[in-house]
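Each remark here refers to the structure printed beneath this line.
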Amino acid sequence: MRQMKVEEKEKEKKAKFQMNDHIDILIEVLKRLDGPSLGVAACVCRLWCTLTRSDSLWEHLCFRHVSSPPPSSVRPVVVALGGYKRLYMVCVRPVLSRLRNSDSELVWTRDEVQLSLSLFCVDYYERRLGGGATSASSLMFLCNPVNV
């Protein structure tokens, strides 16, 4: 009889475990998601939505495929231009979607990261000045694939 009560208490303890009670574990799980999955996770509940707005998650996502981490001077620039989520949406996601068909693991070089950040800055300033990507003087044509 006593053994059954102990077993029932153990089952209750196990049943009460909730992922939302362990924020650190939840953040580690969210760090391993890709961009679209992170967007879907934001729709689960308010807590998850709040966590997915964290710039550190998007920073991790942006630089997951970089061979060496960018210098610390990059962070203030990206934050000033809209944050890492915007960087992902404007620059990283389009590149990843084009390269998704390749069989090899994608690792960005330092030059590719610099180009991506430069295009991010161009996009920001063109939108800020009102020219947009459709303007004849726009540099966003650099985002389009080139047939060589």
Side-chain angles (χ1 to χ4, degrees), residues 2-134 138-140 142-145:
R2 183 168 229 189
Q3 181 67 18
M4 287 183 71
K5 287 185 180 183
V6 170
E7 288 176 9
E8 286 178 20
K9 286 183 181 180
E10 287 296 320
K11 285 182 183 179
E12 285 180 22
K13 284 182 184 179
K14 288 181 183 178
K16 289 183 182 180
F17 176 84
Q18 292 185 8
M19 182 65 97
N20 289 353
D21 293 338
H22 304 279
I23 302 297
D24 296 338
I25 296 171
L26 182 56
I27 289 172
E28 287 302 315
V29 169
L30 293 174
K31 275 185 178 180
R32 284 154 176 73
L33 297 179
D34 62 349
S37 300
L38 201 52
V40 170
C43 299
V44 171
C45 65
R46 288 183 185 168
L47 173 65
W48 287 34
C49 182
T50 302
L51 291 175
T52 57
R53 289 183 182 157
S54 168
D55 225 26
S56 64
L57 278 178
W58 291 96
E59 179 181 10
H60 185 267
L61 181 62
C62 286
F63 297 123
R64 180 184 296 168
H65 301 288
V66 177
S67 57
S68 63
S72 59
S73 60
V74 168
R75 178 177 262 286
V77 173
V78 172
V79 171
L81 298 178
Y84 283 99
K85 182 176 181 180
R86 182 163 167 73
L87 172 66
Y88 177 82
M89 298 302 231
V90 171
C91 297
V92 177
R93 185 178 65 169
V95 171
L96 289 176
S97 66
R98 272 192 235 128
L99 298 175
R100 196 163 307 245
N101 295 336
S102 69
D103 294 332
S104 62
E105 179 66 24
L106 177 65
V107 177
W108 289 24
T109 65
R110 187 175 201 75
D111 293 334
E112 291 167 328
V113 170
Q114 292 295 331
L115 177 60
S116 183
L117 291 171
S118 298
L119 289 173
F120 181 58
C121 293
V122 167
D123 177 67
Y124 175 81
Y125 285 112
E126 285 183 351
R127 289 178 193 273
R128 180 89 178 185
L129 297 173
T134 58
S138 173
L139 294 175
M140 291 309 292
L142 295 170
C143 291
N144 298 329

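As a basis for the values below, the full set of heavy atoms in this structure was taken, side chains included, without hydrogen atoms, waters or symmetry mates. These numbers were taken from a predicted model, which means no experiment stands behind them.
Across every non-hydrogen atom of Leu26 and Leu51, the tightest pair is CD2-CD1, 3.3 Å. Of all non-hydrogen atoms in Arg32 and Glu28, the two that sit nearest each other are NH1-O, 2.9 Å. Heavy-atom minimum distance, Leu57 versus Thr52: CD1-CA, 3.9 Å.
Taking OH of Tyr88 as the start and CG of Asp34 as the end, the distance is 6.0 Å to the nearest 0.5 Å. Rounded to the nearest 0.5 Å, atoms SG (Cys62) and CE (Met89) are 10.0 Å apart. Note that OG of Ser56 and CD1 of Ile27 are 6.5 Å apart. Values are rounded to the nearest 0.5 Å. The CG atom of Leu87 sits 9.5 Å away from the CG atom of Leu61 when rounded to the nearest 0.5 Å.
Arg53 places no side-chain N or O within donor-acceptor distance of the main-chain N or O of Ala42, the cut-off being under 3.5 Å. Of the possible polar contacts, none joining the Trp58 side chain to the Gly35 backbone as a donor-acceptor pair under 3.5 Å is found.
Using a 4.5 Å heavy-atom cutoff, the side chains of Ile23 and Leu47 are in contact. Looking at His60 and Tyr84, their side chains never come closer than 4.5 Å, going by heavy atoms from C-beta outward.
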